[in-house]
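The structure under discussion appears below in the form of structure tokens.
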There are 2 protein chains.
Amino acid sequence: MSEHMDFDAVIDAWRRGAAMSVESVGCPVRGVLDKISDKWSMLLVMNLATKPMRFNQLRREIPDISQKMLTQTLRELERDGLVVRTVYPTKPPSVEYALTDLGVSLVVPFGYLIAWANQNHARIDDARAQFDGVEAA
Amino acid sequence: MSEHMDFDAVIDAWRRGAAMSVESVGCPVRGVLDKISDKWSMLLVMNLATKPMRFNQLRREIPDISQKMLTQTLRELERDGLVVRTVYPTKPPSVEYALTDLGVSLVVPFGYLIAWANQNHARIDDARAQFDGVEAA
DNA sequence: CAGTATCCCAAGGGATACTG
DNA sequence: CAGTATCCCTTGGGATACTG
């Protein structure tokens, strides 16, 4: 499974899972995707995918994340089993963050989404410009 | 491109694009992904992928979306060129929403993410239970 | 049917200051 | 270095009421 998907395969899978998911109170897929789709999770996962990093190293890689959100997002990723936090008892302590196997497994799905965004952001910008232009006329 | 991706291919692509994306003010990828990752966009796209639908039909499919958010999210999807809105001048008017080609092209990337969520939400729940258990001990 | 408009609360998240 | 703790503003988004 998951080697290659086309439109019909996705729709088939969605149809089989949709009844359970949308209606039930705790749709697992929506829960997972809500977590994944916060402002910083994907960016952190992708950065840690390139190599394990320490706290302040991540801050430098993502200059516009606040300390609070970096800590908070890393904790959530750790809690969800996507990231491991390893403390080396040096002085001052150094802490390394790395993806778990589960975290690694998320990189490819993210990759498809990122590739899509790379390929299509220009079309989105165009569509938006046209929509706004027409509406303003 | 995009036929099949593995971890290394994703990382390579990420490395080539990362410098431009994270540092620059308007990273197109982050912009796109922020839009996509709001609470309802993906769910609407997936529902419209199964078939074009009218406004109240969508409300029934997604019982927990408010009228406000349905309108708002549909407008944004339309603005971004992912959805077309067609008004049939019947009485009372009926309005059909359908994916554009661009919208359709997003279904497969979403499919990978949804498949991942389906396959791994149990592992996430376990990780979370263990994390919370250890922390409480 | 397919919306708009308003109110309002709760969560998200940045800035700043402090700590082992 | 790697955080915690607070403050506070902004945004997301639900509830309700109204309209062509």
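Labels below follow one simple rule: chain letters A, B, ... track the order of the sequence lines, proteins then strands, and each chain is numbered from 1.
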Euclidean distance, atom [atom1] of residue [X] to atom [atom2] of [N] [Å, nearest integer]:
X       : N      : atom1 : atom2 : result
B:Ile62 : D:dG13 : CD1   : P     : 13 Å
B:Asp34 : D:dT10 : CG    : P     : 19 Å
A:Glu76 : C:dA11 : CD    : P     : 14 Å
B:Leu74 : C:dA2  : CG    : C1'   : 11 Å
A:Asp64 : C:dG14 : CG    : P     : 8 Å
A:Leu70 : D:dT4  : CG    : P     : 11 Å
A:Glu96 : D:dC1  : CD    : P     : 15 Å

- Task: Check every strand shown and say whether A:Arg59 touches a base, only sugar-phosphate, or nothing at a heavy-atom separation below 4.0 Å.
- Result: nothing
- Identify whether any heavy atom of A:Tyr97 sits under 4.0 Å from a base atom; if not, whether one sits that close to sugar-phosphate; answer base, sugar-phosphate or nothing. sugar-phosphate
Answer yes or no: is there a side-chain heavy-atom contact under 4.5 Å between [X] and [Y]?
X        : Y       : answer
A:Lys39  : A:Ile65 : no
A:Arg128 : B:Lys35 : yes
A:Leu43  : A:Thr73 : no
B:Asp34  : B:Val32 : no

Do any side-chain nitrogens or oxygens of [X] fall under 4.0 Å of OP1 or OP2 in [N]?
X       : N     : result
B:Arg60 : C:dA2 : no
A:Arg75 : D:dT4 : yes
B:Arg85 : C:dG3 : yes
B:Lys68 : C:dC7 : no

- Decide, yes or no, whether a salt bridge links A:Arg59 with A:Asp64 under the criterion of side-chain N to carboxylate O below 4.0 Å. no
- Message: Take a 6.0 Å sphere around CD of A:Gln130 and say whether it holds more than 12 heavy atoms from other residues, nucleotides or ligands.
- Response: no
- Going by number, which of residues 49-56 of chain B have a non-hydrogen atom under 4.0 Å from DNA chain D? none
Between [options], which nucleotide has the shortest distance from any of its atoms to the side chain of [X]?
X       : options               : result
B:Met69 : C:dA2, D:dG14, C:dG14 : D:dG14
B:Trp40 : D:dG3, D:dG14, C:dG14 : D:dG14
B:Ser94 : C:dA2, D:dG14, D:dG3  : C:dA2
B:Lys39 : D:dG3, D:dG14, C:dA2  : D:dG14

- Message: Which helical stems does DNA chain D take part in, if a stem means at least 3 consecutive Watson-Crick or G-U pairs with both distances below 3.5 Å?
- Response: C:1-20 with D:1-20
- Task: Would you kindly check whether a donor in the side chain of A:Gln72 faces an acceptor in the base of C:dG13, or vice versa, at under 3.5 angstrom?
- Result: no
- Message: Whether the side chain of B:Gln67 and the base of C:dG3 hold a donor-acceptor pair under 3.5 Å is what I'd like checked.
- Response: yes
- Please check if the side chain of B:Thr100 supplies one atom and the backbone of B:Gly81 the other of a donor-acceptor pair under 3.5 Å. yes
- Query: Under the side chain to side chain contact (heavy atoms under 4.5 Å, CB included) criterion, do A:Asn120 and B:Leu106 qualify, and how do the steps go?
  - Reply: CA-CA 10 Å; A:Asn120 295 293; B:Leu106 189 48; over 6 Å; no
- Message: Parallel, tilted or perpendicular: which one describes the rings of B:Phe55 and B:Tyr97, with boundaries at 30° and 60°?
- Response: tilted
- side-chain hydrogen bond (donor to acceptor under 3.5 Å, both in side chains) partners for A:Asn56, two or more places apart: none
